[in-house]
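Got a structure here, written out as structure tokens. Questions coming.
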Amino acid sequence: MYRILCLIILCSFCAGAAEPPAPYGAVPSARQLQWHALEFYGFIHFTVNTFTNKEWGYGDEPPRIFNPTDFDAGSIAAIAQEAGMKGLILTCKHHDGFCLWPSAYTEHSIAASPWKDGKGDMVREFADACREHGILFGVYLSPWDRNHADYARPAYITYYRNQLRELLTGYGNIFEVWFDGANGGDGWYGGAKEKRSISASYYGWDDTFALVRELQPNAVIFSHLGDVRWVGNESGFAGDPCWATFTPQIEEDAKALNVGIRNGTHWQPAEVDVSIRPGWFYHNREDAKVRTPGNLMNLYFQSVGRGASLLLNLPPDRRGRIHERDAQSLIAFGKRLKAMYGTNLAAGASASASNVRGGDKRFSAACVLDGKSDSYWCSDDEALTPELVLELPEARTFDVVSLREYLPLGQRVDRWALDARVDGAWQEFACGTAIGSRRLWRGNAVTTDSVRLRIMEAAACPAISEVALHHLSGKSIR
Ligand code: FUL
């Protein structure tokens, strides 16, 4: 018995119980890791603007104009869920200051509108609908408030935090809190009708963020100083590459936000916020300008496919519904995406690598195929440019590659390439900079029985959790 035990211990020692490598650079927090897994979720822009046909309300809109005729949060959440969105973020208050919930701190809210005789609470209806449809709920509370008399004075900060407290305590779990950076200046401000400017320190973000941490510890904060950064444009694309690391800055530098900063001080991944229509709010003049399923797919590859998240805006119309065109386009896109991910053409392959950390099975090449986000192929510390080969069970045709790094160890890979073996010779299919949370590459369809991932440059030994091959059907879509 004793000898068998010794043998087992010896064998496991020989097989090499290697230690995982040390993390490289800035790494994600637990709440950021949870957020990375979401990838695709929706924005809902709804306020008095929907009824005035504006994008930015001045702050003097009478609450009585907010009166959707057929509002149904359930149908909106159902559409989002069917399209594959993992959550919805609602503009609980946009720059015009009108509140979609009956805030105790203002009369400029839904309580003064005819909708449900002033007894309704739209934030509650959205929060409940999301829960019922198995998706998450997040809040947008505009710091800039063109209605409030005290805006730009200290008293407004107390008001703002009181409202935030209402939203973060009254509606269950919140996955993301969205702090808009827009501060346009002029507004109604309780009738003053003037321009007000604020200093960089006015909002006192440290204390506001502390409130979020206290009340919703799992929520990520979207802000130039928060957990998730803006991607630097509202057109729907992350940079290539789009590093998850960044050095947070007060001054916005659109290019840096777009590309990220290799070796930046913080893990601050990008979120791509973009609308399914030209505007953030619904305008019937834009009914013919809804993005097509093909266009949405491009957005997806340019955002999620570069390691960012996609926050796609779906503006309810005056009924309080997602317009049929938007819904159709979104759902058609979602179907194609589901079909694409539905088959991993690398499944069943046998995997080998030029280097496996300590020869330990825990870090073997097969880890990229097991579908688990917490297992990864990893090389020895000094092997910075290893290669991995997948021998497929038979010749298969793919046109999309999906790669993922094991994020708790940081962003390690700088450059990589993926080859397909055609007629016995390797042909390069893809070649990129950075991998991160997810790296998608779309190319011409290739039929092959073997693919090879080459890590060409890495700051630390690579830790790759996924290599998947897909075929994006319906390539001819516009
Ligand atoms: C911007 C705002 O000014 C827009 O109205 C919209 O809410 C967008 C998501 O953020 O800063």
Side-chain angles (χ1 to χ4, degrees), residues 33-45 72-90 126-127 129-138 173 175-176 220 228 231 236-238 269-277 290-316 321-345 371 373 399-404 436-442 466 468-475 477-478:
L33 276 176
Q34 280 178 14
W35 170 88
H36 271 294
L38 304 178
E39 298 190 328
F40 176 41
Y41 41 93
F43 224 166
I44 302 290
H45 274 68
D72 184 3
S75 94
I76 296 175
I79 289 166
Q81 193 272 341
E82 191 181 341
M85 287 180 165
K86 299 289 170 15
L88 286 177
I89 299 177
L90 173 67
F126 269 109
C130 285
R131 220 154 287 133
E132 272 157 33
H133 288 88
I135 60 176
L136 304 174
F137 181 61
N173 284 340
F175 83 97
E176 177 163 333
V220 288
V228 177
V231 78
F237 65 94
E271 179 182 82
V272 175
D273 62 320
V274 60
S275 187
I276 195 164
R277 291 166 168 253
V290 176
R291 290 179 183 275
T292 61
N295 183 284
L296 294 175
M297 190 62 85
N298 289 343
L299 292 188
Y300 184 87
F301 272 82
Q302 290 167 186
S303 53
V304 176
R306 293 176 183 170
S309 70
L310 175 57
L311 172 57
L312 181 68
N313 181 58
L314 309 171
R321 299 263 179 166
I322 302 303
H323 190 275
E324 288 68 12
R325 289 193 188 203
D326 308 45
Q328 269 166 22
S329 189
L330 179 72
I331 288 171
F333 154 72
K335 265 201 189 116
R336 280 173 192 158
L337 196 63
K338 243 177 249 165
M340 180 186 94
Y341 282 131
T343 305
N344 178 4
L345 295 154
S373 59
D399 57 11
V400 170
V401 173
S402 173
L403 305 174
R404 312 187 83 153
S437 173
R438 190 194 283 278
R439 184 66 212 234
L440 291 174
W441 189 281
R442 184 163 40 161
E466 176 183 292
L469 306 175
H470 300 287
H471 191 248
L472 182 60
S473 53
K475 269 202 81 179
I477 54 173
R478 277 177 305 121

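In this chain, numbering begins with 1 at the start of the sequence shown.
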*For Ala332 against Pro293, the heavy-atom pair lying closest together*: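 Taking every non-hydrogen atom into account, CB-CG, 3.7 Å.
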
*Looking only at heavy atoms, which two atoms of Val290 and Ser329 are closest? And how far apart?*
CG1-CB, 4.3 Å

*Which atom names give the shortest non-hydrogen contact between Val231 and Ala270, and what distance separates them?*
CG2-CB, 3.8 Å

_Nearest heavy atoms of Leu440 and Ser402, plus distance in Å_ =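 Taking every non-hydrogen atom into account, CD2-CB, 3.6 Å.
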
_Check whether Asn313 reaches the backbone of Val274 with its side chain - one donor and one acceptor, N or O, closer than 3.5 Å._
no

*asked:* Nearest 0.5 angstrom please: Arg306 CZ to Gln302 CD, how far?
replied: 5.5 Å

*Side chain of His470, backbone of Val400: donor and acceptor closer than 3.5 Å?*
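Judged by distance alone, no pair lies under 3.5 Å.
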
*Leu314 side, atom CG; Met85 side, atom CE - distance, nearest 0.5 Å*: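 With rounding to 0.5 Å, CG (Leu314) is 4.0 Å from CE (Met85).
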
*Could you go step by step and tell me if Phe126 and Ile76 meet the side chain to side chain contact (heavy atoms under 4.5 Å, CB included) rule?*
CA-CA 9 Å; Phe126 269 109; Ile76 296 175; 3.9 Å; yes

*Does any non-hydrogen side-chain atom of Ser303 lie less than 4.5 Å from one of Leu311?*
no

_Do Asn298 and Arg442 make a side-chain contact, defined as non-hydrogen atoms from C-beta onward lying under 4.5 Å apart?_
yes

*Hey, does the side chain of Gln81 reach the backbone of Gly134 with a donor-acceptor pair shorter than 3.5 angstrom?*
no

*In Å and rounded to the nearest 0.5 Å, what is the CZ to CD distance from Arg439 to Glu466?*
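Result: 14.0 Å between the selected atoms.
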
_With heavy-atom distances below 4.5 Å as the criterion, would you say the side chains of Lys86 and Leu136 are in contact?_
no

*asked:* Is the shortest side-chain heavy-atom distance between Ile44 and Pro316 below 4.5 Å?
replied: yes

_Donor-acceptor pair, side chain of His133 and main chain of Ile135, under 3.5 angstrom_ =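 Between the backbone of Ile135 and the side chain of His133 there is no qualifying donor-acceptor contact (under 3.5 Å).
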
*Quick one: are Ile276 and Ile322 in side-chain contact, heavy atoms under 4.5 Å?*
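A side-chain contact is absent here, since even the closest heavy-atom pair is not under 4.5 Å.
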
_Testing the basics here: between Ser309 and Tyr41, what is the closest heavy-atom pair and its distance to 0.1 Å?_
OG-OH, 2.8 Å

*Keeping the roles fixed (side chain from Ser275, backbone from Arg277), state whether a donor-acceptor pair exists under 3.5 Å.*
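At least one qualifying donor-acceptor pair exists.
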
*With a 4.5 Å heavy-atom cut-off, do Glu176 and Leu38 have their side chains touching?*
no

*Name the one of Phe333, Trp35, Tyr341 that satisfies ring pair (Phe, Tyr, Trp, His ring centres under 6.0 Å) with Phe40?*
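Running ring pair (Phe, Tyr, Trp, His ring centres under 6.0 Å) over Phe333, Trp35, Tyr341 with Phe40 returns exactly one hit, Phe333.
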
*Within a strict 4.5 Å, meaning less than it, do heavy atoms of the Val304 and Arg438 side chains meet?*
yes

*Closest heavy-atom contact between Phe137 and Leu90?*
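Result for this residue pair: CE1-CB, 3.9 Å.
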
*asked:* To the closest 0.5 Å, what do you measure between CG (Leu403) and CG (Leu469)?
replied: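 The distance works out to 9.0 Å.
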
*Can you check whether Leu472 reaches Phe301 side chain to side chain, under 4.5 Å on heavy atoms?*
yes

_Test item: Lys338 side-chain N/O and Glu82 main-chain N/O as donor-acceptor pair under 3.5 Å_ = yes

*Quick one: CZ on Arg325 to OG1 on Thr292, what's the gap to the nearest 0.5 Å?*
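One finds 13.0 Å between CZ of Arg325 and OG1 of Thr292.
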
*Between atom CG of Leu88 and atom CZ of Phe175, what is the distance when rounded to the nearest 0.5 Å?*
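Nearest 0.5 Å value for the CG-CZ distance: 7.5 Å.
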
